[in-house]
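Since the structure comes first, as structure tokens, the remarks are kept for the end.
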Amino acid sequence: ALAMLGVLSALGALARPLGAGTAGIEFVFVPLLLGGRVFGATFGFLLGCTTMFTSALLTGGVGPWLPFQMLAFAFTGMFAGLLPRVRGWVEIAVLCVYAFVASFLYGMLVDLSFWPFNLGLGTQVSYVAGAPLMENLHRFLVWSAATSLGWNLGRAFTTIITLVLIGRPLLRILRRTNRVGRYEEGASA
């Protein structure tokens, strides 16, 4: 399990700079979703943390935003491991729907980590301390749509297209590795 965590973390860390976030083209979600799906929720959480940390070290992306990115990415991998168990093209369809939703949720969680501090006071979309929750939520959603909708869409479509093209063979390879390695979530050594 530790070896697979290292291999998939390295693959994810190497996949992240391929698109460098240009227009949201990010391939890093593919190993995360497939690893979480095959090896379980705990593995997916750890894979998300280690992938984002390793990638930040490789790309020079270490900053105050990194813990938020790591947590958002970790929860993305964890929930991939909690998806309903189906096989074949239905599984790819479920992963694609999840990839679409997760791409937006990941982007919004990362945006939420710095939104209150990013804008000056008095703008139409800035955080207002003491304002009702729904008002601040509306301001955040407008700001998020205006600033990161393109990146979230790009991330979603890149992940979906990649999953459709190579998802089934990669799932087969990872499942074979899982059977040979006998990795089971919650098992003690």
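Minimum interatomic distance between G44 and L32 (heavy atoms only, all atoms of both residues): O-CD1, 3.8 Å. For the pair F43 and M4, the tightest heavy-atom approach, listed with the atom from each and the gap, is CZ-C, 3.8 Å. Here the shortest heavy-atom pairing between V28 and G12 reads CG2-O, 3.2 Å. Annotation for A13 and T51: closest pair N-CG2, 3.8 Å, computed over non-hydrogen atoms. Contact between L33 and A99 at its shortest, heavy atoms only, is CD1-CB, 3.7 Å. Closest non-hydrogen pair, R16 versus S55, comes out as CD-OG, 2.8 Å.
Rounding to the nearest 0.5 Å gives a distance of 8.0 Å between CE of M108 and CG of D111. Here C49 contributes atom SG and M78 contributes atom CE; the two are 10.5 Å apart, rounded to the nearest 0.5 Å. Atom-to-atom distance recorded for I161:CD1 and I166:CD1 is 12.0 Å, nearest 0.5 angstrom. Note that CG of L83 and CZ of R85 are 8.0 Å apart. Values are rounded to the nearest 0.5 Å. For the atom pair OG1 (T76) and CZ (F45), the distance works out to 10.5 Å, reported to the nearest 0.5 Å. Taking CG of L2 as the reference point, atom CG of L46 lies at 9.5 Å (rounded to 0.5 Å).
Side chain of S113 to main chain of V110: a donor-acceptor pair is present (N/O by atom type, distance under 3.5 Å, no hydrogens or angles). W65 contributes a side-chain N or O that, together with a main-chain N or O of G61, makes up a donor-acceptor pair within less than 3.5 Å. A donor-acceptor contact shorter than 3.5 Å links the side chain of R155 to the backbone of S103. Although no hydrogens or angles enter the test, the distance criterion places no donor-acceptor pair under 3.5 Å between the side chain of S144 and the main chain of F140.
More than 12 heavy atoms of other residues, nucleotides or ligands shown are found within 6.0 angstrom of OH on Y106.
Linking Ile, Leu, Val, Met, Phe, Trp and Tyr whenever their side-chain heavy atoms come within less than 4.5 Å puts I160 and L149 in one cluster. V86 and L82 fall within a single hydrophobic cluster, where Ile, Leu, Val, Met, Phe, Trp and Tyr are joined by side-chain heavy atoms under 4.5 Å apart, directly or via other members. Cluster annotation: V97 and L165 are assigned to distinct hydrophobic clusters (Ile/Leu/Val/Met/Phe/Trp/Tyr, side-chain heavy-atom contacts under 4.5 Å, transitive). The hydrophobic clustering, which links ILVMFWY residues whose side-chain heavy atoms are closer than 4.5 Å, places V128 and L137 apart. No chain of hydrophobic side-chain contacts below 4.5 Å, direct or via other Ile, Leu, Val, Met, Phe, Trp or Tyr residues, connects F79 to V101.
F104 is listed as a side-chain neighbour of L153, based on a closest heavy-atom distance under 4.5 Å. When side chains are defined from C-beta on, F68 does not count as touching L109, because their heavy atoms never get closer than 4.5 Å. Counting only heavy atoms from C-beta outward, the side chains of F39 and L47 never approach each other to under 4.5 Å. Residues L171 and R87 are not in side-chain contact: their nearest non-hydrogen atoms beyond the backbone lie 4.5 Å or more apart. The shortest distance between side-chain heavy atoms of F75 and L105 does not fall below 4.5 Å.
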Candidate pair L163 and L34, rule side-chain contact (heavy atoms from CB on, under 4.5 Å), full reasoning:
CA-CA 9 Å; L163 284 173; L34 296 178; 3.8 Å; yes
One pair to check against side-chain contact (heavy atoms from CB on, under 4.5 Å): E26 and T159. What are the steps and the verdict?
CA-CA 7 Å; E26 293 184 30; T159 305; 6.0 Å; no
Let's go through L8 and L174 carefully: what are the C-alpha distance in whole Å and the side-chain angles of both, what is the deciding distance for side-chain contact (heavy atoms from CB on, under 4.5 Å) to 0.1 Å, and is it a yes or a no?
CA-CA 10 Å; L8 289 176; L174 290 173; 4.3 Å; yes
Check step by step if side-chain contact (heavy atoms from CB on, under 4.5 Å) holds for R176 and R172.
CA-CA 6 Å; R176 187 176 315 128; R172 206 168 23 255; 4.3 Å; yes
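The side-chain hydrogen bond (donor to acceptor under 3.5 Å, both in side chains) search around E91 returns R37, R175, not counting sequence neighbours. F157 is linked by a ring-ring contact (aromatic ring centres under 6.0 Å, His included) to nothing, counting only residues two or more places apart in sequence or in another chain.
When each of Y98, F73, F100 is tested with F29 by the rule ring-ring contact (aromatic ring centres under 6.0 Å, His included), just one qualifies, namely F73.
Aromatic ring orientation, W143 versus W115: tilted (interplanar angle from 30° to 60°).
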